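Have a look at the structure below, then the notes.
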There are 2 protein chains.
Amino acid sequence: MAASPFTTDTHPLIRHLASVATLSEEEKHALLSLPMQVMELRADQDIVREGDRPTRSCLILQGWACTFKMTGDGKRQIMGFHIAGNIPDLQSLHLTVLDSSLGTMSPCRVAFIQHEALHALCEQHYGIARALWRVTLADAAIFREWIMNVGRREAHSQLAHVLCEMLVRTKAVGLARDHTCEITVTQQELGDATGNSAVHVNRVLQQLRRDGLISLESKTLKALDWEALKAAGDFDPTYLHLKHPERDAA
Amino acid sequence: MAASPFTTDTHPLIRHLASVATLSEEEKHALLSLPMQVMELRADQDIVREGDRPTRSCLILQGWACTFKMTGDGKRQIMGFHIAGNIPDLQSLHLTVLDSSLGTMSPCRVAFIQHEALHALCEQHYGIARALWRVTLADAAIFREWIMNVGRREAHSQLAHVLCEMLVRTKAVGLARDHTCEITVTQQELGDATGNSAVHVNRVLQQLRRDGLISLESKTLKALDWEALKAAGDFDPTYLHLKHPERDAA
DNA sequence: CGAGTACTTGACACGTTTCAACATCCGTGG
DNA sequence: CCACGGATGTTGAAACGTGTCAAGTACTCG
């Protein structure tokens, strides 16, 4: 393990965990002393695939990734986006077979952590088990919200909703300011996340821009009218289960 | 707590937990000695509501329940169905505020378990924490599959898929035989689960019946052609993370 | 500078929604 | 036990959101 450029409180993992759970100093140090294998990945690469039986989980250190599946007839559905600090396949700690794939959306730096090491830490510090469990439950809450987004909202509202979520989640880990964040997502990916075609996403994004709600270009997403965007997306950040909602959601 | 009519291995909770996790005899006994407050509920009653901060979780002993949310403009989305043995709001053990509601679909017998008691058991037996964590992860896997179902499948396929899931899950806890189970679900509820209107569900169900895939009447669902139903629903039970897939899925 | 990827636009097809009317089932009270 | 009333299921026609196809434009990176 190389010397980390991060202190306890600036490490992406700790930033993310602290945004949804509570950790003691001792637990933070224990987490950061986990052996991690760091790798650089290009955009659009699979990290793990549906059907795999991994012996380690993947921590995103930098960049954007997503969980997805393919239907039998080749249509892709994205179930969630992942940013620095997230452990998108943490569930494989307890579920043997992966039921979905994980891929990069941008160039990414990721760290692999052996399940063995995580299990040991969880048995040793129940507080860490509780925090990681809580993180997986918050992830599940996001899945629930996405079911509603995909099932019961129109494309206009769906897109506003996922953009709101991206802004709040990046802000909660210190990656956004002034309703602005760096993001690497294609219109095809936004379509795969909302159950729409890329063509339709294109038209709806133009509408959102025309209405003065957002700007989205050259990898920068900006909410020009946050309140209106929230309203358009029927967005209430409660489901993100953030520890400091007032600070993170504003 | 009244004397239970169940032995260790016939209690719905143990049946369900054992279908997705591994428990020692000691852990089973510890779970069944949890203090539970049993209640009978009528159909279409809310058990807990979005926004609540419960101090207990709800174990379904008999009947069908569902998790749902309402959009800002009053459309309902069901995120999952629940049967005997499920603890649909187990996440409230670690997430303070409920982000979705839980309601009965049929008359139900439910048991409430105080979080306090569950926490104590989890700290005492790490195996129980691991099993309950795993159950919540399997629930999350179902949410992921539903995102795909709602986002990328057509109504015909969506309905076949949820019916397949119901048959496999009831079978896994001993509530189905010969691809047949007792079920209490209206066409409106199937629509709310798949993101369709009740009218369209009606037409699609007729098609499924006409094609000889199912019969669904007087609270009995029967797969008349299981292989064809699975194919229509693009159904692969891997995402249910059952311990005995060969036995349960057949 | 070239090539591939991402974005944009238009026309048409299709799945699904909505509305409205009607039939049927089922539990309940008389 | 029957009659009633509300919930549930059924049907048709028209409207609407979104998908598909196809062609063209504009990035972006090596």
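Order of the sequence lines sets the chain letters (A, B, ...), proteins ahead of strands, with each chain counted from 1. Computed from a prediction, not measured in an experiment: that's the story for all the values here.
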Side chain to side chain, B:Lys69 and B:Asp99, heavy atoms closer than 4.5 Å: yes
Would you tabulate the side-chain donor-acceptor contacts of residues 218-225 of chain B under 3.5 Å, counting partners in other chains and residues two or more places apart, or write 'none'?
unit_1, atom_1, unit_2, atom_2, d
B:Thr220, OG1, B:Glu182, OE1, 3.4
B:Thr220, OG1, B:Glu182, OE2, 3.3
B:Asp225, OD1, B:Ala228, N, 3.1

Proximity to DNA chain C (any heavy atom under 4.0 Å), residues of residues 189-205 of chain A only: A:Val199, A:Asn202, A:Arg203
DNA chain C-proximal residues of residues 146-157 of chain A, any heavy atom under 4.0 Å: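 DNA chain C contact set from residues 146-157 of chain A: none.
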Canonical and wobble pairing (Watson-Crick, G-U, under 3.5 Å) of DNA chain C, dot-bracket with |: ||||||||||||||||||||||||||||||
ring-ring contact (aromatic ring centres under 6.0 Å, His included) partners for A:His82, two or more places apart: none
Under 3.5 Å, which protein N or O atoms sit close to an N or O of nucleotides 23-25 of chain C? Give each pair with its distance.
none

In whole angstrom, what separates [X]'s [atom1] from [N]'s [atom2]?
X        : N      : atom1 : atom2 : result
A:Gln207 : D:dG17 : CD    : P     : 12 Å
B:Gln187 : C:dT16 : CD    : P     : 16 Å
A:Arg76  : D:dG19 : CZ    : P     : 16 Å
A:Gln158 : D:dG17 : CD    : P     : 14 Å
B:Leu159 : C:dG15 : CG    : C1'   : 14 Å
B:Asp44  : C:dC26 : CG    : P     : 15 Å
A:Gln188 : C:dA6  : CD    : P     : 9 Å

Protein proximity profile, nucleotides 24-30 of chain D - base contact B, sugar-phosphate-only contact S, no contact -, cut-off 4.0 Å on heavy atoms: -----S-
Selection residues 104-113 of chain A - residue pairs positive for side-chain hydrogen bond (donor to acceptor under 3.5 Å, both in side chains), sequence neighbours left out: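 Residue pairs passing side-chain hydrogen bond (donor to acceptor under 3.5 Å, both in side chains), neighbours aside: A:Glu40-A:Arg109.
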Holding to salt bridge (charged side-chain N to carboxylate O under 4.0 Å, His left out), I want the full list of residues that pass it with [X], two or more places apart in sequence or in another chain.
X        : answer
B:Arg152 : A:Asp192
A:Arg203 : none
B:Glu154 : none

Pair A:Glu50-A:Ser100, side chain to side chain contact (heavy atoms under 4.5 Å, CB included): steps then yes or no: CA-CA 4 Å; A:Glu50 191 177 345; A:Ser100 49; 5.6 Å; no
A:Leu205 CG to A:Ile214 CD1 distance, which is reported to the nearest 0.5 Å: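 Answer rounded to 0.5 Å: 5.0 Å.
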N or O in side chain of A:Gln206 less than 4.0 angstrom from C:dC7 OP1/OP2: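 For A:Gln206, the contact criterion (side-chain N or O under 4.0 Å from OP1 or OP2 of C:dC7) is not met.
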Side chain to side chain contact (heavy atoms under 4.5 Å, CB included) partners for B:Ser157, two or more places apart: B:Arg153, B:Asp234
